[in-house]
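Both backbone and side-chain heavy atoms feed into the values below; hydrogens, waters and symmetry mates do not.
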Amino acid sequence: MAAAAVAADSDKISRLQSSVSALDQISDSEKSGFVNLVARYLSGEAQHVEWSKINTPTDEIVVPYETVAPPPEDAEKIRELLDKLVVLKLNGGLGTTMGCTGPKSVIEVRNGLTFLDLIVQQIESLNSKYGCKVPLVLMNSFNTHDDTLKIVEKYSNSNVEIHTFNQSQYPRLVVEDFVPLPSKGHAGKDGWYPPGHGDVFPSLKNSGKLDLFLSQGKEYVFVANSDNLGAIVDLKILNHLIQNKNEYCMEVTPKTLADVKGGTLISYEGKVQLLEIAQVPDEHVKEFKSIEKFKIFNTNNLWVNLKAIKRLVEADALKVEIIPNPKEVDGIKVLQLETAAGAAIRFFDNAIGINVPRSRFLPVKATSDLLLVQSDLYTLEDGFVTRNKARANPANPSIELGPEFKKVGDFLKHFKSIPSIIELVSLKVTGDVWFGSGVVLKGKVTISAKSGSKLEIPEGAVLENKEINGPEDI
């Protein structure tokens, strides 16, 4: 029986190989990378985690940030440290979920500045302050490549060298017969997909950028999502990795109830490993989501040694867990196989996690996050977004906005100015609510406009621990 299944799979693979070889939109390395990924998926190589073998990592493996030694104070030594660094931002995502066209990194975050503006400003200020040459690298997808090339032209006079490369472009697989969707006449973008950020390592190598940076004496790359405003260069972490020869470091941070689905680091058979919710047996999901046993989660801020990437990619050793992502295109069931960069941690020598402050994880995934970063809870200087010390509570307010606020354009229209939320615990807004300027929100506030009617919060209103269902409640 097993032999028959293997024969059927190898038949699928040889048919797939001949279909893929005819796709002239992608390179040979993309073709072989894709076929290898599908072959691994079919072989059922997915790694099953034995729950009883999971151990909580020690402080040697997940190092508390406060125990990491400070970096050297000497400016010349700091320059030497920084000249070993490359900053890479994952820039493959579109702003569609927030109602924007083009790359997500060009959404305006604050004071008319985009994610990309802030990233460039941060590196500019480092390069100016220390006289170093930290380059910025953007990994685009075919969805964001053309727009990004136009956008980065505006930084041509900055003191930051900007590099771009594309991650792989793989064809979606038709579930029914395992044929690539583009082979069936879907020639447009919907026939293709970028295979997740686990692709960053082979794509960095295939682009020629990895060898370029190694030839310039660079040693580490700091990889982060372009929408994480907290992912700034940290000298303390960089210095620690160089001193301790750690090939890979994942920044983790304490879980709150909002992060229960995030991947966590575990010790497993003597190695540090990422455990994602998809790998957890059903009977243990509740335990995985608890914040008692699994106290930390992956921020996707990753520091990786460049020579180690080269060694592992050339040996084809990064056989990272595959995430099957089923989709539908024009009624056709398709499959896209993806990988995540954090899962590569178990292949690197002397890999660690560092348990960092929550301030290093400030992602903007929705307009509710935009409300936080545009408010008086944060200030902006030299591209760095810093939390206002006037807020005593270490946790950010919980914010829920209804569908009327989902798109950035609609969100901005509903606020004359962003309310003060320094003393806010939680805010829930449903219906067509409009905010005047200078509104102050404190404690727990719920605002509900009746269906089909507009509710205006007047200028200068102070709402503290209030439930508002109409103008009479204000």
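Residues Ser207 and Phe165 share a closest heavy-atom pair of CB-CB, 3.6 Å. Minimum interatomic distance between Thr253 and Val356 (heavy atoms only, all atoms of both residues): OG1-O, 2.8 Å. Listed here is the closest heavy atom pair of Leu118 and Leu380: CD2-CD1, 3.7 Å. The nearest pair of heavy atoms linking Pro281 to Trp51 is CD-CE3, 3.9 Å. Between Tyr248 and Ala341, the closest heavy-atom pair is OH-O, 2.9 Å. Between Leu181 and Gly191, the shortest heavy-atom contact is CD2-CA, 3.9 Å.
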side-chain contact (heavy atoms from CB on, under 4.5 Å) between Cys249 and Tyr220, intermediate numbers included
CA-CA 10 Å; Cys249 167; Tyr220 278 85; over 6 Å; no
side-chain hydrogen bond (donor to acceptor under 3.5 Å, both in side chains) between Asp59 and Thr67: does it pass, once the steps are laid out?
CA-CA 10 Å; Asp59 282 359; Thr67 68; over 6 Å; no
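Side-chain atoms of Thr144 and Asp147 form no donor-acceptor pair, as typed in the model, at a separation below 3.5 Å. At a cut-off of 3.5 Å, with distance as the only test, no side-chain donor of Asn206 or Ser203 sits close to an acceptor on the other residue. Using a 3.5 Å distance cut-off with no hydrogens or angles, the side chains of Arg110 and Gln374 do not pair a donor with an acceptor. Between Arg387 and Asn396, the side chains place a donor N or O and an acceptor N or O closer than 3.5 Å (distance only, hydrogens not considered). No hydrogens or angles considered: a donor-acceptor pair under 3.5 Å links the side chains of Asp234 and Tyr65. A donor-acceptor pair shorter than 3.5 Å can be found between the side chains of Asn228 and Asn301.
Within 6.0 Å of atom NZ in Lys133, 12 or fewer heavy atoms from other residues, nucleotides or ligands are found, so the atom counts as exposed in its surroundings. Heavy-atom neighbours of Glu381 CD from other residues, nucleotides or ligands within 6.0 Å: at or below the threshold of 12. Residue Lys189 places its NZ atom among more than 12 non-hydrogen atoms of other residues, nucleotides or ligands, all under 6.0 Å distant. For Lys236, the NZ atom counts as densely surrounded, since its 6.0 Å shell holds more than 12 non-hydrogen atoms of other residues, nucleotides or ligands. Within 6.0 Å of NZ in Lys307 there are 12 or fewer heavy atoms belonging to other residues, nucleotides or ligands. In Lys261, the NZ atom is not crowded: 12 or fewer heavy atoms of neighbouring residues, nucleotides or ligands sit closer than 6.0 Å. In Glu73, the CD atom is not crowded: 12 or fewer heavy atoms of neighbouring residues, nucleotides or ligands sit closer than 6.0 Å.
Using a 4.5 Å cut-off on side-chain heavy atoms (C-beta onward), Pro397 and Arg391 make contact. In this structure the side chain of Leu23 never reaches within 4.5 angstrom of the side chain of Tyr170, judged on heavy atoms. At a threshold of 4.5 Å between non-hydrogen side-chain atoms, the residues Ile78 and Leu235 count as touching. Here the side chains of Leu370 and Leu412 are not in contact, with every heavy-atom distance at 4.5 Å or above. Tyr268 places none of its side-chain heavy atoms less than 4.5 Å from the side chain of Arg346. Within the 4.5 Å cutoff, no side-chain heavy atoms of Thr339 are placed close to those of Pro195. Considering only heavy atoms from C-beta on, Arg360 comes within 4.5 Å of Ile232 through its side chain. Residues His240 and Asn246 have side chains in contact (heavy-atom distance under 4.5 Å, counting atoms from C-beta outward).
Between atom CG of residue Asp74 and atom CG of residue Leu81 there is a gap of 10.5 Å, rounded to the nearest 0.5 Å. Summarising the geometry, atom CD belonging to Gln122 is positioned 8.0 Å from atom CG belonging to Leu126; distances are rounded to the nearest 0.5 Å. Going from atom CD of Gln336 over to atom CG of Leu37 covers 11.5 Å, rounded to the nearest 0.5 Å. The CZ atom of Phe347 sits 6.5 Å away from the CG atom of Leu318 when rounded to the nearest 0.5 Å. Here the straight-line distance linking atom CG of Leu274 with atom CD of Gln279 works out to 7.0 Å at 0.5 Å rounding. Rounding to the nearest 0.5 Å places CD of Gln121 at 5.5 Å from CG of Leu113.
Note that Lys255 lies in the cation-pi zone of Phe288, set by a 6.0 Å cut-off to the ring centre and a 45° limit from the axis.
A salt bridge links Arg311 to Asp349: one of the charged nitrogens lies within less than 4.0 Å of a carboxylate oxygen. In summary, Lys310 and Asp211 engage in a salt bridge, as defined by a charged side-chain N under 4.0 Å from a carboxylate O. In this structure, Glu80 does not pair ionically with Lys77, as no charged nitrogen and carboxylate oxygen lie closer than 4.0 Å. Comment: Lys53 engages Glu269 in a salt bridge, judged by a side-chain N to carboxylate O separation of less than 4.0 angstrom. Salt bridge status for Asp83 with Arg79: present, with a side-chain N to carboxylate O gap under 4.0 Å.
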